[in-house]
Amino acid sequence: MSAPLDLPKWADTVLVPAISVVAAFLVAGLVVLGIGENPLSATRYLIQGSLGTGEGLGFTLFYMTDFIFVGLAVAVAYHAGLFNIGGEGQATLAGLGIALVLNNLTFLPGFLLIPLGILGAAAFGAAWAAVPGYLQAKRGSHIVITTIMFNWLASVLIVYLLVNVLREPQSMNPETRAFPEQSYIPFMHDVFAAFGIEIPASQLNLTLVVALAASYFVWLLIYRSRLGYAIRVVGSNPTAAVYAGISPARIIIVAMVISGALAGGLAVNELMGYQHRLLLEFTSGYGFVGIAVALMGRAHPVGIILASLLFGILYQGGAELAFEQPAITRDMVVVIGGIIILFAGALDGLFRRAVAHLFTRQKLARA
Amino acid sequence: MSPAIELIAINKSFGAVHANRDVNLRVERGTIHGIVGENGAGKSTLMSILYGFYEADTGEIHVNGKRISIRTPNDAIHAGIGMVHQHFMLVEPLSVVDNVMLGAEGGAMLRAGEARARAELARLARDYGLEIDVDATVGDLSVGLQQRVEILKALYRGADILILDEPTAVLTPAEADALFVLLRSLKEQGKTVILITHKLREIMAITDRVSVMRRGEMVASVETADTSPPELAELMVGRRVLLRVEKADKTPGAPLLEVKDLSVVDSRGVVRVANATFAVRAGEIVGVAGVAGNGQSELMEAIAGMRHPAFGSVRLEGRDIPASEHNPHRMRQLGLLHVPEDRLRMGLVPAFPAFESAILGFSDEPHLGRGPILDHDRLIADLAKKMEQYDVRPPAPRLKSSKFSGGNQQKIVLAREIERNPKVLLVGQPTRGVDIGAIEFIHRRLIGLRDAGVAILLVSVELDEIMNLSDRILTMCGGRITGERRASETNEQELGLLMAGVTDEAA
């Protein structure tokens, strides 16, 4: 038992996470110092590389798009009391959905093919998440275990399909042939160029807009809709759900289906927006980053957008940093990311408590 | 002689709530001291400060004349303070001696500690009459005996001062009497007992002094012999209250709820309800009396459709409810509403703002929104109106459900169910953890519904409440209905026997 922590909303949602991030950067700086590198110049490369140039910014926002989708996926399941660790597998299957739709309906025009591709991604991601959801709801198989297993299943399934079924006969690479060109989601620099505005070329594409729309949709779903209400009741108080006549089993499956569909957005951004073919390991472990993003964003779409931006900066800036200061390897950048996750997630309570104390003290002093 | 406990000018705030305001309390050694107050008056906060769960913002704690600081429950135990919680902190699969030793094993190996514990338990049994089978599995013991284990745990850790939080809430009248005998014997041996309760009868029966709290302040501290229940009630609430709500005689109408041969088997295969058969008619309150855990909860849940009965049928307004329709959702549509006995686990979602808890079970009503989207402004306005009608404090629809006191949470739940014009209302423990002022209000509402022709099935472990409100009383014991009496033609003794399983045939 401990005293309830009463914080003004702005302190809870902005101040505490900001303190966590600053603390994380300080500790990360110490680590950089520990390997004999200059943390100040490292920070400069990190910021410069991710936000300082138009191209860097484009890449940062491209990664951010990935992270928003997987973060939202984790968040929706989380509101139903589920820990969906299967973003990787669901996004992988979504990639398969995209490839099947786009490469079989090549005769369709872009304005039909692009939405169909996105639907294919959502449907395949949803289906891959529905099975663990069903097993949790009806058989009590723990969702953490099953979604991890489904990540491996997805991974071997896609290897098998790309090597034996979907590969172009004359190609040596385990990847599909390129998608039809009308299915490419336009690059942001092309869109801007159409309006006569010149911006540096990068992988950033219009999927970012879809991601932001999905964030709004998730907010509406979770906090304003009847279904979201039921999802939160199940996640927060399953006994009350039974009392209320809400079937926890049904809600668990529905929440997992929505979660899996959102994870499919990762495949949309990577494949329809950039790679334009299905290839191995395009998910790059981003499905797991989604957990950290959702955690840090407190499972709220606005928080997720901000956390995704932070991780986008880290991924893009980290790559630049590893290039400019070779002593700081990519692994080192992963360590810094890990420290941020540690501070923003696990040690979050530490600062929350201290800040709450300060506020109480201040209030007493005023009284 | 210095007092066992002296609290001086204790202050504690949670955010904007000043839970304890300059509270002073003096408890003399070797006495039984009652603390009464409405829910949210600050009793629990004060005791939590004394037991080290919370730290006071300001103020002093003196134990046996020495000023000490209590920051954790361990500090409290060191100072000789023991606490028996309302909800037992026991490990059910372990034996009595294991539970007593838990946390005080005295070393990495159990053997020496166990021998010590057995010797000490034997001594406690001798000195205080606390006999118990030390090798029994705690989960097999009756609730009264489990409570005894809690008391033994505290004494084993050297408690001279024992705090009991609502200790009789889960006991039969006979078990409560046994507890009082035990508390008196503890007092004779020089122990000090602090008793937190809302049952004024118990205060009068057993305490030497009584302190009354209201809205975070200590408003009175008097010799029990010099006061009376009406006076205490007035001190607690700050105005005169009726301890018993009057109700007019009324001839009930047609049966609205009929239960036939209803049996419930739980997931472990234990029969919880066996062949329950009864009816509740329009304009009638039928009370189900019984010690907690004798099948009343399962009976209510089965009628409401939350559990599948193993056997038996439910009829509503003379119509059989087929199994396919026997779910909470459909039952609500048919006019059977349910005030659940456990507000925090069922009646509300503690983490939700009050206006969201206020539609629990009704979130798909079309008029609450447009299509799939709920209209929050409307929900907030609806609840604000109900909060005014039901005098919910604070009248803040956006406040988190968990931040309201028990009585106010219950009013939110009652308002939700009552305002939807039930035909049949199931009510479980309507006033558990609810303050006296609100009890009067809730009882008035229920009688008002009865007079308006609603059929009410009331489950309560408070015998007084059952006797005050009901027209007819059923008693339950071990899942069976052991008797049925007209409320006007029975008394506490007779019901106590029926609740203990002495059935009509045997009697």
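Letters A, B, ... mirror the listed sequences (proteins, then strands); counts begin at 1.
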Quick check on the structure: residues of residues 214-236 of chain A within a heavy-atom distance below 4.5 Å of chain B, by number.
A/Leu220, A/Tyr223, A/Arg224, A/Ser225, A/Arg226, A/Tyr229, A/Arg232, A/Val233, A/Ser236
Residue among B/Leu368, B/Asn327, B/Asp364 with most heavy-atom pairs under 4.5 Å to chain A
B/Asp364
If you tally heavy-atom pairs under 4.5 Å against chain A, which of B/Met331, B/Glu356, B/Arg307, B/Arg330 wins?
B/Glu356
Side chain from CB out, backbone as N, CA, C, O: work out which of these in B/Gln333 comes under 4.5 Å of a heavy atom of chain A, or both, or neither.
neither
Options B/His329, B/His376, B/Met306, ranked by heavy-atom pairs under 4.5 Å with chain A, top entry:
B/His376
Contacting region of B/Phe362 [heavy-atom separation from chain A under 4.5 Å]:
neither
Shortest non-hydrogen pair, A/Asn237 vs B/Pro350, comes out as ND2-CD, 3.5 Å
So which atom in A/Tyr243 and which in B/Glu417 form the shortest heavy-atom distance, rounded to 0.1 Å?
OH-OE2, 2.9 Å
Let me know if B/Arg332 has heavy atoms under 4.5 Å from chain A in its side chain, its backbone, both or neither.
side chain
Can you check whether anything in residues 120-142 of chain A gets within less than 4.5 Å of chain B, heavy-atom wise, and list it by number?
none
Relative to chain A, which segment of B/Leu348 carries a heavy atom at a distance below 4.5 Å: side chain, backbone, both, or neither?
backbone
Enclosure of B/Arg378 CZ (heavy-atom neighbours >12, cutoff 6.0 Å):
yes
Given the options B/Ser357, B/Pro328, B/Pro372, which has more heavy-atom pairs under 4.5 Å with chain A than any of the others?
B/Pro372
Separation between CZ of B/Arg345 and OG1 of A/Thr239, rounded to the nearest 0.5 Å
4.5 Å
Does B/Tyr51 OH have over 12 foreign heavy atoms under 6.0 Å away?
yes
Just wondering, are more than 12 heavy atoms of other shown residues or ligands nearer than 6.0 Å to CZ in B/Arg420?
yes
